[in-house]
Amino acid sequence: MGTDKIIQLPHSITVRDLAAMLNASAVQVIKILMNNGVMASINQTIDFDTSAVVATELGFEPELEKEEELVEELGELPLWRRLILGESPEDLENRPPVVTILGHVDHGKTSLLDAIRHTDVAGGEEGGITQHIGAYQVTHKNRPITFLDTPGHAAFSSMRARGAQGADIVVLVVAADDGVQPQTREAANHAKAAQVPIIVALNKMDKADANPDFVKRQLADIGLVPDEWNGDTFVVPVSAKTKKGLEDLLETINLVADNIMIKANPKGRTIGTVVEASLDKTTGPMATLLVQNGTLKVGDIVVAGEAYGKLKALMDQYHKRVPKAYPSSPVRVMGLNTMPEAGDLFQVVANEKEARNIVAERKAARELKQHSKRSTLEELFSKVKSGETKELRLILKADVQGSLEPIQNELELLNKKQKDITVNVLHAETGNISESDVMLAAASDAVILGFDVDMDQGARKVAEVEGVSIRLYKIIYRLLEDVEKALKGLLEPELVEKTIGKANVIAIFKVSKGGTAAGCRIVSGEIRRNALVHLIRNNVSVFDGEVYSIHREKEEVRDVREGMECGITLKGFEAFQVGDVIECYVMEKFGG
């Protein structure tokens, strides 16, 4: 193998970054991982040995890179790694851990957050935190701990989808009287995918029907084996109501933090994550920023997603103005020109010109339309008919377990009726459609079916880029009906425009039967009689209709091809101008 194919890979890397390094698509990399028994989402971190397998299959000779040769770019690698590598070891200092509390609805996440908030006697003012800023710090034994007050695991994964490592530690709240529920499993899966340590807070221990041993068995079943059973998950009994066990929980957070690398350089490059943003009537756009490296100061020029500006004020969780914020500190800032999105990364830049250029590039990249072939239900069926595949792959998302189970049962019955094709449900789960669902669908040629759910914002964007077909339903029998139609080849296909030719209008003339024709030169493809057209003027479509006739050398013809000149008339339009473009198109099945 030639030395030009040698590639140096880091100790760990996200799937997205590996794909970029190997000049491959993320979907291609995910497929190779799947074939080797590794299920990984686009933002999941994999180790060197795993990435080396992918590199080898794509014809490279992988080597472990030396850390001093690394050149880090904001937004390319997981945040924890970007912050540490590239900084001098002697400049790194311990920073407070950043903690997110996740769990099933009604298991006491909010109550636990409130209880923890009020244990912070050293926090200062009477009355505690005066406003919701999305993040706050408490102090336990003179050690600060930062809590992200996010709505749940959807927000947690949304932050990861934008490249941010939102938390160092996840506290998974499980009610001792209710046990592991679907959202508990999903929250645990999100934390595992982010490779973040999990501490279980066994809440509601004050209740008479609390059954901690039963819940611990359930936790072990989903891979969270309690440390007292020789596992690696700390399970801390607590009661948000009586505040019993809260000291133990904070102690455990500090213990876990001591065992993982939580460091930053306060004098280094200032970057971090947007926790939340809102519009204030008097002060304009306000954002809560979590500093994760460097020191943020009043007067800094900040770029956060597609927002930028010079910071006029920094406020802490008590709404007090502060001159600067150190790593792991959450601050409310004023001075951005618009609201960034939660999960956006922010960075301090040298001047406003640089900030404007970065934002312009990001907007241009976002607006660039990308088209990918997608697997719709009808396309998958045509593959079955042609012998390309023997299964219809689906990903199911439903609002609650009570909806998911009957759908799965009915699909099983459908399976028994079919001889030539199998319905293969790759993944079935409650909750909104997430980015990891979309990437799994893209990698495995699957269709996502959602019942009474929505899509996370990150998932919607990735679905557009990767061309994943998502069908949403409010009635179960319609979902099942569509799957059955797809199996029988009766499902109505999705249609999209496909441009087949373009013509430039170079002259205008009257025709013998009355009316006006456009003298045209065909610049690409072909123009057909009776085909659909857009008439484009100054990059704007001014008429949509059909080709009425095409004349070439006084004879009517059915079509004309690239390089030819002809006269074209349109049904219901005569106001041609020299310079117009006639764009001819047909409606085709998507990806056909």
Side-chain angles (χ1 to χ4, degrees), residues 12 44-45 47 78-81 83-84 92-103 107-109 112-113 115-117 119-120 135-150 152-153 156-157 159-160 164-174 176 180 184 187-203 205 212 215-216 219-220 222-240 243-264 273 290 292-293 327-330:
S12 58
Q44 193 162 328
T45 303
D47 60 18
L79 193 56
W80 64 269
R81 194 166 168 272
L83 303 182
I84 303 303
L92 295 175
E93 298 177 10
N94 289 329
R95 62 172 174 80
V98 178
V99 180
T100 291
I101 296 186
L102 303 178
H107 277 200
K109 295 192 302 275
L112 188 63
L113 280 163
I116 289 170
R117 193 180 279 139
T119 61
D120 187 20
Y136 56 89
Q137 276 191 342
V138 301
T139 304
H140 176 69
K141 294 188 176 175
N142 296 319
R143 293 178 62 178
I145 301 170
T146 300
F147 285 89
L148 287 184
D149 190 2
T150 56
H153 49 265
F156 176 74
S157 63
M159 291 178 96
R160 288 203 310 112
Q165 184 78 16
D168 303 305
I169 297 168
V170 163
V171 170
L172 183 64
V173 182
V174 186
V180 171
T184 317
N189 288 337
H190 281 287
K192 287 175 187 173
Q195 298 184 328
V196 176
I198 300 170
I199 297 169
V200 174
L202 201 52
N203 195 24
M205 287 294 290
V215 180
K216 285 175 187 174
L219 289 166
I222 63 168
L224 299 176
V225 183
D227 63 305
E228 60 194 273
W229 294 1
N230 296 319
D232 53 9
T233 304
F234 287 106
V235 179
V236 185
V238 297
S239 167
K243 297 187 171 50
K244 188 178 178 183
L246 294 191
E247 290 288 315
D248 293 337
L249 180 60
L250 296 173
E251 189 67 44
T252 305
I253 289 169
N254 280 336
L255 182 65
V256 171
D258 288 339
N259 288 324
I260 56 178
M261 188 192 293
I262 302 181
K263 293 179 180 288
T273 304
L290 177 67
Q292 289 173 291
N293 199 64
S328 294
S329 297

Rounded at 0.5 Å granularity, tell me how far [atom1] in [X] sits from [atom2] in [Y].
X: Ile101; Y: Ile199; atom1: CD1; atom2: CD1; answer: 10.0 Å
X: Thr146; Y: Ile169; atom1: OG1; atom2: CD1; answer: 11.0 Å
X: Tyr136; Y: Arg117; atom1: OH; atom2: CZ; answer: 4.5 Å

If you define the side chain from C-beta out and look only at heavy atoms, does anything of Thr233 sit under 4.5 Å from Val225?
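No; the side chains remain at least 4.5 Å from each other.
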In the structure I gave you, are the side-chain heavy atoms of Ile145 and Ile116 within less than 4.5 Å of one another anywhere?
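No, every pair of side-chain atoms sits at 4.5 Å or beyond.
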Hey, is the main chain of Ala264 close enough, under 3.5 Å, to the side chain of Asn293 for a donor-acceptor pair?
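Not confirmed, Asn293 side chain does not pair with Ala264 backbone.
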Are any side-chain N or O atoms of Ser328 and backbone N or O atoms of Arg95, one a donor and one an acceptor, separated by less than 3.5 Å?
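No, because the side chain of Ser328 does not come within donor-acceptor range (under 3.5 Å) of the backbone of Arg95.
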Please output the side-chain donor-acceptor pairs of residues 248-261 that fall under 3.5 Å, not counting sequence neighbours, one pair per line with the distance.
| unit_1 | atom_1 | unit_2 | atom_2 | d |
| --- | --- | --- | --- | --- |
| Glu251 | OE1 | His140 | NE2 | 3.1 |
| Glu251 | OE1 | Lys141 | NZ | 3.0 |
| Thr252 | OG1 | Asp248 | O | 2.7 |
| Asp258 | OD1 | Arg143 | NH2 | 2.8 |
| Asp258 | OD2 | Arg143 | NH1 | 3.3 |
| Asn259 | ND2 | Leu255 | O | 3.3 |

Restricting to non-hydrogen atoms, name the atom on [X] and the atom on [Y] that form the minimum distance, rounded to 0.1 Å.
X: Val173; Y: His107; result: CG1-O, 3.3 Å
X: Ala188; Y: Ile198; result: O-CD1, 4.0 Å
X: Gly103; Y: Lys109; result: O-NZ, 3.1 Å
X: Pro96; Y: Pro327; result: CD-O, 3.7 Å
X: Val174; Y: Val180; result: CG1-N, 4.1 Å
X: Gly245; Y: Val238; result: O-CG1, 3.4 Å

Walk me through it: do Ile262 and Val98 pass the test side chain to side chain contact (heavy atoms under 4.5 Å, CB included)?
CA-CA 9 Å; Ile262 302 181; Val98 178; over 6 Å; no
Sequence-distant partners of Ser329, side chain to side chain contact (heavy atoms under 4.5 Å, CB included), two or more places apart
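Result, side chain to side chain contact (heavy atoms under 4.5 Å, CB included) vs Ser329: Gln137, Ala325, Tyr326.
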